[in-house]
Amino acid sequence: MRPASPLIALAVLLLGAGVALGGGSGTTTVEGGTYFDYLAPDPGGPTDGGIRFGFSGVAEVIAADAVLVPPADTNLAFLGNGTPTCLAVTREGGAITRIEFVAECNVSGTVMRVDDVFGPGGDAYIIGDRLAAPADFVEGIPEFAALIGVPAASGGNLDVVFQIDLATGAPSSFIGQTSVTGPVSDLGGGDIGIGDATLRTAVIDDASRALLEEAAALGVDATAVIVGLGTFQEQGDPILQIELTVTYSAPTPVASPVPTAAPSAAALPDTGSAPAQAGPSWLSVGAFALLVAGWLASALTHRRRQSRV
């Protein structure tokens, strides 16, 4: 049967760490998200009760004399099969012996789109096996498309912290967070793609858009951290506000090689050897030969004159 309220859109898997709550023995853990097949125990019978956590959870026995701390004794019957909550569950001897609402729980899980969860045509986004968000709800509201649709498309996790109204066991507020990293693309109509995910124009503020456009122009990957701040209307429907934080790393410039100038003579190292002497040029040799020839001709002429006398 299709859930009556979009509260189921906040389904998540608890990162279940054991916590010590209340007195007595046994092991106590916090179960976050939703539960199914709740049957109240009856100590007067005595008759055991039962409960199942998550879509693929195993049915567990609630001991006939289990302690159901108010308002769990009455409200567990109304919150099952849809509304997320936080329960401290104590187990002992193979049965649940105590259940009470707790004020807060941390939840986390992967997100997958699954067909026919609520019957033929009732597709949903399954979050950590603990709850499902109707597909038309997620895909029709930009804020939930960012918080739930983005991790479904990118394969990321959705992490949520629930605040619970202890007077009723129903959630009063929540903070969800996911992130996506990838190349940036303009999808038209103001929508922007990051990797395989889409951010609708309604959730992109001016500063985030400017950073995404810069990353696209540089051809580098951007990271968008998506934080959802949620509250609930009186009728139980969630209201979600999205805050984006966008970052990217500019490409590292590649330095161009700088040409190396030839070293000057003054910069050459001194080898310690004497400089080579330059040899005589052909011009100086020729001049010397002419000088000698002139001197010999003058000497011969002088001798001839003396012999004639």
Side-chain angles (χ1 to χ4, degrees), residues 1-14 30-36 38 53-55 70-87 100-109 111 113 117-119 121-128 130-152 158-178 198-205 208 225-245:
M1 184 176 68
R2 190 175 185 82
S5 169
L7 281 171
I8 200 168
L10 305 176
V12 286
L13 171 65
L14 175 66
V30 173
E31 301 289 348
T34 194
Y35 54 90
F36 301 92
Y38 173 73
F53 297 103
F55 280 94
D73 56 342
T74 56
N75 288 7
L76 282 175
F78 301 105
L79 297 177
N81 305 321
T83 304
T85 190
C86 300
L87 294 172
E100 65 179 310
F101 293 115
V102 291
E104 181 179 295
C105 60
N106 301 318
V107 294
S108 178
V111 185
R113 195 183 193 282
V117 174
F118 303 118
D123 303 343
Y125 288 82
I126 302 295
I127 306 165
R130 284 303 174 105
L131 277 180
D136 54 0
F137 177 76
V138 173
E139 294 163 4
I141 301 177
E143 289 78 8
F144 282 96
L147 190 63
I148 298 176
V150 164
L158 173 61
D159 302 301
V160 179
V161 174
F162 282 109
Q163 299 291 332
I164 301 300
D165 180 358
L166 294 180
T168 63
S172 58
S173 64
F174 62 93
I175 299 176
Q177 178 172 316
T178 189
T198 298
L199 291 175
R200 305 275 185 83
T201 185
V203 301
I204 307 173
D205 58 90
S208 296
V225 176
I226 304 165
V227 175
L229 306 174
T231 55
F232 296 89
Q233 302 180 61
E234 290 184 2
Q235 61 270 34
D237 294 344
I239 301 174
L240 187 63
Q241 176 184 348
I242 294 295
E243 294 183 356
L244 291 182
T245 302

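Along the sequence shown, the residues carry numbers beginning at 1. Every heavy atom of this structure was used, including side-chain atoms; hydrogens, water molecules and symmetry mates were not. Predicted model only: the values in this text are computed from it and were never measured.
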Please report the shortest heavy-atom distance between [X] and [Y], naming the atom on each side.
{"X": "T83", "Y": "P171", "value": "CG2-CD, 3.5 Å"}
{"X": "L158", "Y": "V111", "value": "CB-CG2, 4.0 Å"}
{"X": "A72", "Y": "E100", "value": "CB-CA, 4.5 Å"}
{"X": "A146", "Y": "I226", "value": "O-CD1, 3.7 Å"}
{"X": "A167", "Y": "P71", "value": "O-CG, 3.6 Å"}
{"X": "F55", "Y": "I126", "value": "CE1-CD1, 3.9 Å"}

Next on the checklist: So, using side-chain contact (heavy atoms from CB on, under 4.5 Å) as the criterion, who are the partners of L240 when residues are at least two apart?
Outcome noted: E143, F144, L147, F174, I242

Checklist entry - Do any pairs count as a salt bridge (charged side-chain N to carboxylate O under 4.0 Å, His left out) and have a residue in residues 163-176, sequence neighbours left out, and if so which ones? => result none

Checklist entry - If you look only at pairs with a residue in residues 75-84, which of them pass as a salt bridge (charged side-chain N to carboxylate O under 4.0 Å, His left out), with sequence neighbours excluded? => result none

Heavy-atom side-chain proximity of [X] to [Y] below 4.5 angstrom:
{"X": "Y125", "Y": "P151", "result": "no"}
{"X": "Y35", "Y": "T85", "result": "yes"}
{"X": "F101", "Y": "L76", "result": "yes"}
{"X": "D159", "Y": "N106", "result": "no"}

Checklist outcome for this item: Sorted by chain and number, sequence neighbours left out, ring pair (Phe, Tyr, Trp, His ring centres under 6.0 Å) with F78 holds for none

Item to check | With R200 via salt bridge (charged side-chain N to carboxylate O under 4.0 Å, His left out) - residues at least two apart | outcome: none

Checklist entry - Quick one: salt bridge (charged side-chain N to carboxylate O under 4.0 Å, His left out) partners of E243, sequence neighbours excluded? => result none

Look up atom [atom1] in [X] and atom [atom2] in [Y], then write down how far apart they are to the nearest 0.5 Å.
{"X": "I127", "Y": "I148", "atom1": "CD1", "atom2": "CD1", "answer": "4.0 Å"}
{"X": "Q163", "Y": "L166", "atom1": "CD", "atom2": "CG", "answer": "9.5 Å"}
{"X": "L87", "Y": "I164", "atom1": "CG", "atom2": "CD1", "answer": "8.5 Å"}
{"X": "N75", "Y": "D73", "atom1": "CG", "atom2": "CG", "answer": "8.0 Å"}

Next on the checklist: Tell me whether T34 contacts the main-chain N or O of R130 through its side chain, where contact means a donor paired with an acceptor under 3.5 Å.
Outcome noted: no

